[in-house]
Amino acid sequence: MDGKESILLTPQVIMNDLSRGTCPAVDVRCLVIDEAHKATGNHAYCQVVRELIKYTTEFRILALSATPGGDIKAVQQVLANLLISHIEIRTEESPDIKPYSHERKVEKIVVPLGDELTSVKKNMFRQPLFQRNNYGMVEGDFALALSLYHGFELLQLHGSRSLFNYLDGILHGDKGYGRTKTELLRNHDFNELMDLLREKFTPPDCRPSQSRDGETRVMIFSQYRDSVSEITNILKQHHPLVKVMSFIGQSSAGKSTKGFTQKEQLKVMKDFREGGYNTLVSTCVGEEGLDIGDVDLIVCFDAHKSPIRLVQRMGRTGRKREGRIVMLVTEGKEEQIYNQSQYSKKSIHKAILNSAKTLHFYQNNPAMVPDDWTPKCHKMFITVSKKFKPSKAATTSNQNKITSMLASHGKLPKQNIQKILDRQHSLHHTTNGKVNNPSMTKRS
C-alpha cells in the first residue's frame, strides 16, 4: 500500500487487488463500506469480505447505510454477509445528529385520477376487449394481457402521456410484438382511445414564460424515462425561470431511447452544481452514489414500495440548508403503495431497535487489542491534502528507472520488460484519482 494509512476505492478494485496479492489481506485492519444495503447476493461487497476472511479475522467492518434493507430478511442478509456483530441506529431526531442536520418538510399530495383518466380506465381496462371461442394460444393471450396491464399501471401512476408513449411504442417502435399489435388494431375501443390520445398530445406551440431566475435547486424523480422526458419538455416552456435538464442512466432502451454516456452524466451534474440548471428531472440513477450538490426541493412524481428508494430520494435535500419534499401520489393504488412503504420503514427500525429478539449477529470477532487495554473514543477531523497527480515527467522517470533496473540483471527479454512497463502504466491510470490522499490525519 506504499505507506498509505487510508485508501478510498471501489469494491471491484479492492477485490482485484486482494485476489492478485497487490493489497495483502493481512494488512487490512478496518474496512468501511458505504451504501451497505447493497451487500446482498454476490455483490462485490460480499466478495471482498469473503476474500478477506480467507486470510485473516483480525479486522473490523464499519458498514454505513441510510436504509439497511427493504425488509427484515434483507437486513438479516446484510448482517450475515458483512459479519456485523452490532447495530447503531440514528434518526434526524437523535441528539448526536440534530446539530448537523437541517429540517426537511415532507408533504404528501394525493392527486385524483380525474374524469378523463377514469373514463379511459373504465372503458379500456374494465371490460373484456377480446372474445374468443377458441381458448388456445394461451401464451399469446397472456403476453397481450401483460402488455395491457403495464399500460394500466402507467395510466394510474404516470398519466395518459406515458400510456400514449407506451402504446405508440407497441404499434410503431421497438416494443412492438406482431400478434399483440394485430390484436390491438382489431379492437374498435382501442383505436378510438389512440385517436383521442394522438389529438391530445400533438406537440403544442411552446411559449416560454418570462421571469427572473432564482437560486433554488429542484430535483424531480420519476421511475420511467418517458415520464422524465415529458416532465422535462413541459418545464422547458417556463424557461428562463426553470432551467431544466433530464438525467438518466447509461443503458439504452432500443433505438428511440438512448442513455447518457458517463461524460454526459458528469457534465449534467457539474452544470447543476454550478447553477447552469436549477431543475433536474431524474430516474433512479440520481437517487444515490452521486455528488449532485445542494437541493432545496425534492418532488417524487411516483411512489415506490421499497423504503430504500424513498429514503434515498429524500436524502438529496436538507444537507446544508432546510429542504422540502413533495410526494405526488395518485388516489387509490399508488397511495396505498406509499403508505405501505412508510409502514415498512417504521417496522424495520422497530425490528432493529429490538434486534436481540429478531436479528442474528456475527459472534466470532476476536479481540483487536490486549485484554488489559481500555480503548476510548477520540474525535478528530480528517484533513485531506490536495489531489496528487503524477506529472508525465515523473512517470517517464519511474519507467526509465524500472527499465535500467531490469536491464542490469540481463535476464528478462525486451518483450517481458515492455509488458511490465505497460502494466505499471495501466496501474497508474487505474489508481490515479482513486488513491489521491497521500497524507491523512491519523484516527484512533
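In this text, all values refer to a predicted model and were calculated from it rather than measured experimentally.
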Next on the checklist: Run the salt bridge (Lys or Arg N to Asp or Glu O under 4.0 Å) test against Asp371 and tell me which residues pass, sequence neighbours left out.
Outcome noted: none
Next on the checklist: Are Pro68 and His37 packed together at the side-chain level, in the sense that at least one heavy-atom pair is separated by less than 4.5 angstrom?
Outcome noted: no
Checklist outcome for this item: For Ser222 and Ser227 the tightest heavy-atom approach is OG-CB, 3.1 Å
Checklist entry - Are any non-hydrogen side-chain atoms of Glu103 and Lys105 less than 4.5 angstrom apart? => result yes
Checklist entry - With a 4.5 Å heavy-atom cut-off, do His86 and Glu88 have their side chains touching? => result yes
Next on the checklist: As a quick check of understanding, evaluate side-chain contact (heavy atoms from CB on, under 4.5 Å) for Phe301 and Ile231, giving each step before the final call.
Outcome noted: CA-CA 9 Å; Phe301 191 71; Ile231 295 167; 3.8 Å; yes
Checklist entry - Judged by modelled atom types alone, do Thr216 and Asp296 share a side-chain donor-acceptor pair under 3.5 Å? => result no
Item to check | Shortest non-hydrogen contact from Thr40 toward Asn81 | outcome: CA-ND2, 3.6 Å
Next on the checklist: Nearest 0.5 Å, please: how far is CZ in Arg313 from NE2 in His304?
Outcome noted: 7.5 Å
Next on the checklist: Working note: Met368 + Arg29, criterion side-chain contact (heavy atoms from CB on, under 4.5 Å); need CA distance, chi angles, decisive distance, verdict.
Outcome noted: CA-CA 9 Å; Met368 297 287 287; Arg29 289 292 177 264; 4.1 Å; yes
Item to check | Pair Ile89-Leu353, side-chain contact (heavy atoms from CB on, under 4.5 Å): steps then yes or no | outcome: CA-CA 8 Å; Ile89 186 170; Leu353 291 173; 3.5 Å; yes
Next on the checklist: Using every non-hydrogen atom in the two residues, find where Val49 and Leu82 come nearest and quote the distance to one decimal.
Outcome noted: CG2-CD2, 3.9 Å
Next on the checklist: Show the nearest heavy-atom pair for residues Ala36 and Ala63, with the distance to one decimal.
Outcome noted: CB-CB, 3.6 Å
Checklist entry - Would Glu264 and Gln250 count as having a side-chain donor-acceptor pair, cut-off 3.5 Å? => result no
Checklist entry - Are any of the side-chain nitrogens in Glu322 or Arg104 under 4.0 Å away from the carboxylate oxygens of its partner? => result no
Checklist entry - Do Leu52 and Phe59 come close enough that some side-chain heavy atom pair is under 4.5 Å? => result yes
Checklist entry - What residues form a salt bridge (Lys or Arg N to Asp or Glu O under 4.0 Å) with Arg309, not counting sequence neighbours? => result Glu287
Checklist entry - Does Lys38 pair with Glu35 as a salt bridge, N-O distance under 4.0 Å? => result no
Item to check | Test side chain to side chain contact (heavy atoms under 4.5 Å, CB included) applied to Lys345 - qualifying residues, sequence neighbours left out | outcome: Pro307, Val311, His349
Checklist entry - Looking at side-chain heavy atoms only, is the closest gap between Tyr277 and Val244 below 4.5 Å? => result no
Checklist entry - Stepwise, does the side-chain contact (heavy atoms from CB on, under 4.5 Å) test hold for Val75 with Asp71? => result CA-CA 6 Å; Val75 174; Asp71 52 43; over 6 Å; no
Item to check | From OG (Ser282) to CD1 (Ile220), nearest 0.5 Å | outcome: 10.5 Å
Checklist outcome for this item: Closest non-hydrogen atoms of Val28 and Cys23, given as atom of the first, atom of the second and distance, are CG2-SG, 4.2 Å
Checklist entry - Minimum heavy-atom separation for Asp34 to Tyr45, with atom names? => result O-OH, 2.6 Å
Item to check | Within-4.5 Å side-chain heavy-atom neighbours: Arg60 and Asn365 | outcome: yes
